[in-house]
Amino acid sequence: MQHKAYIKNVIKCFSILLLIILADQALKLWVFHNMEMGTEGQINILGNVLKLTYVLNPEMAFSLNLGVKYGKLLVTTLRVLASLCILGYVMQFLRKIAPTTKLWGWILVAGGAIGNSIDSVLYGVYLDNAPANAPMKWFYGQVIDMIHVDLWSGVMPSWLPIWGNCYVYCLPVFNIADIAIFIGLLIVLCCMHPETHTTS
């Protein structure tokens with residue numbers, strides 16, 4: 001009976017995980033094949049506030065980078081390892097208990113991490129979107145972002161250091177994987193409160 005409950009929980013958890021990954025990859029591939037990059041190809045969803053804007057993220061979240069030749073390789077490797085560690089954590093706890101709210105949070109984080117890892121590992125080869133100066137295509141794919149909450153965007157004044165004459169967004173453009181990670185971490189942090197013991 002215990003084994004059946006475990007199998008049922010695993011199927012439930014991995015169904016959610018797979019749904020996140022498939023939704024994330026489906027939207028990214030649709031954007032890649034159907035949209036022009038940048039502001040010229042924007043599609044308005046809710047007026048001028050919610051849009052689809054096709055952009056590439058070459059390294060880390062919010063386009064941050066380590067500034068070294070193999071920085072992207074390190075970031076991609078860490079993404080893959082983090083995904084595997086989180087999956088291991090989830091599997092370990094599923095053997096002992098039914099999925100808790102906190103565990104669902106980690107499943108969302110894992111789904112998002114795997115979604116962005118697929119971009120980093122494979123897209124440089126299969127979508128040929130690795131940066132021109134990348135030392136290799138494997139592990140150097142750029143993450144596709146498209147969900148754009150446009151509270152404000154425009155060209156910064158030329159007198160500003162670093163961002164002068166650059167087109168910037170008030171909020172970063174993100175994807176389904178990023179949303180899953182954000183919501184998952186929010187759930188995990190909320191469940192760390194000593195008074196939270198909710199299970200599902």
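No experiment lies behind these values; they were computed from the predicted model shown. We number each residue from 1, following the sequence as shown.
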Item to check | M146 side chain reached by L27 side chain, heavy atoms, under 4.5 Å | outcome: yes

Checklist entry - Please walk me through it: do F14 and M91 pass side chain to side chain contact (heavy atoms under 4.5 Å, CB included)? => result CA-CA 10 Å; F14 275 84; M91 292 298 294; 3.3 Å; yes

Item to check | Distance-only side-chain donor-acceptor flag, Q25 / D119, under 3.5 Å | outcome: yes

Item to check | Closest non-hydrogen atom pair between R79 and S120, with its separation | outcome: NH1-OG, 2.6 Å

Next on the checklist: Name the residue from L17, I86, I187 that meets the side-chain contact (heavy atoms from CB on, under 4.5 Å) definition with L108.
Outcome noted: I187

Checklist entry - Do the side chains of L87 and L19 join up, straight or via other hydrophobic residues, at under 4.5 Å, putting them in one cluster? => result no

Next on the checklist: Can you confirm whether Y89 is buried at OH, in the sense that more than 12 heavy atoms of other residues, nucleotides or ligands lie under 6.0 Å from that atom?
Outcome noted: yes

Checklist entry - Just how far is it from atom CD1 of I43 to atom CD of E36, taken to the nearest 0.5 Å? => result 11.0 Å

Checklist outcome for this item: Nearest heavy-atom approach of Y140 to P131 is O-CD, 3.4 Å

Next on the checklist: Starting from L18, can I reach V109 by hopping between I/L/V/M/F/W/Y residues whose side chains sit under 4.5 Å apart?
Outcome noted: no

Next on the checklist: Is a donor from one side chain sitting under 3.5 angstrom from an acceptor on the other, for D150 and N48?
Outcome noted: no

Checklist entry - Taking atom CD1 of I144 and atom CG of L127, what is their separation to the nearest 0.5 Å? => result 5.5 Å

Checklist entry - Side-chain donor-acceptor pair under 3.5 Å between N9 and K4, yes or no? => result no

Checklist entry - Which atom pair, heavy atoms only, marks the closest approach of T39 to T53? => result N-CG2, 4.5 Å

Checklist entry - Would N116 and I181 count as a side chain to side chain contact (heavy atoms under 4.5 Å, CB included) if you check the C-alpha gap in whole Å, the side-chain angles of each, and the deciding distance to 0.1 Å? => result CA-CA 10 Å; N116 282 337; I181 292 170; 4.2 Å; yes

Checklist entry - Any donor and acceptor pair, going by atom type alone, linking the side chain of N129 with main-chain N or O of Q142 inside 3.5 Å? => result yes

Item to check | Minimal non-hydrogen separation, I21 against G111, with atom names | outcome: CG1-O, 3.7 Å

Next on the checklist: Test side chain to side chain contact (heavy atoms under 4.5 Å, CB included) on M35 and L52; report intermediate values, then the result.
Outcome noted: CA-CA 9 Å; M35 288 184 66; L52 291 181; 3.9 Å; yes

Checklist entry - Does I114 share a hydrophobic cluster with L84, counting links as ILVMFWY side-chain heavy atoms below 4.5 Å and allowing steps through other members? => result yes

Next on the checklist: Could you check whether any side-chain N or O of D24 sits under 3.5 Å from a backbone N or O of I20, counting only pairs where one atom can act as donor and the other as acceptor?
Outcome noted: no

Checklist entry - Between L50 and H148, is any pair of side-chain heavy atoms under 4.5 Å apart? => result no

Next on the checklist: Applying side chain to side chain contact (heavy atoms under 4.5 Å, CB included) to M37 and V55, what does each step give before you reach the verdict?
Outcome noted: CA-CA 6 Å; M37 201 175 295; V55 297; 5.6 Å; no

Checklist outcome for this item: Closest heavy-atom pair, G112 versus A177, reported as atoms and distance to 0.1 Å, is O-CB, 3.2 Å

Next on the checklist: I'd like to know if the side chain of T76 and the backbone of F139 have a donor-acceptor N/O pair within less than 3.5 Å.
Outcome noted: yes

Item to check | Distance in Å, Y123 OH paired with F32 CZ, rounded so as to fall on 0.5 Å steps | outcome: 9.0 Å

Checklist entry - Nearest 0.5 Å, what's the CH2-OG1 distance between W106 and T101? => result 14.5 Å

Item to check | Flag, side chain of N175 to backbone of K28, donor-acceptor distance under 3.5 Å | outcome: no

Item to check | Heavy-atom closest pair, residues N57 and D145 | outcome: CB-OD2, 3.5 Å

Checklist entry - Given side chains that start at C-beta, do those of K137 and Y126 come closer than 4.5 Å, heavy atoms only? => result no

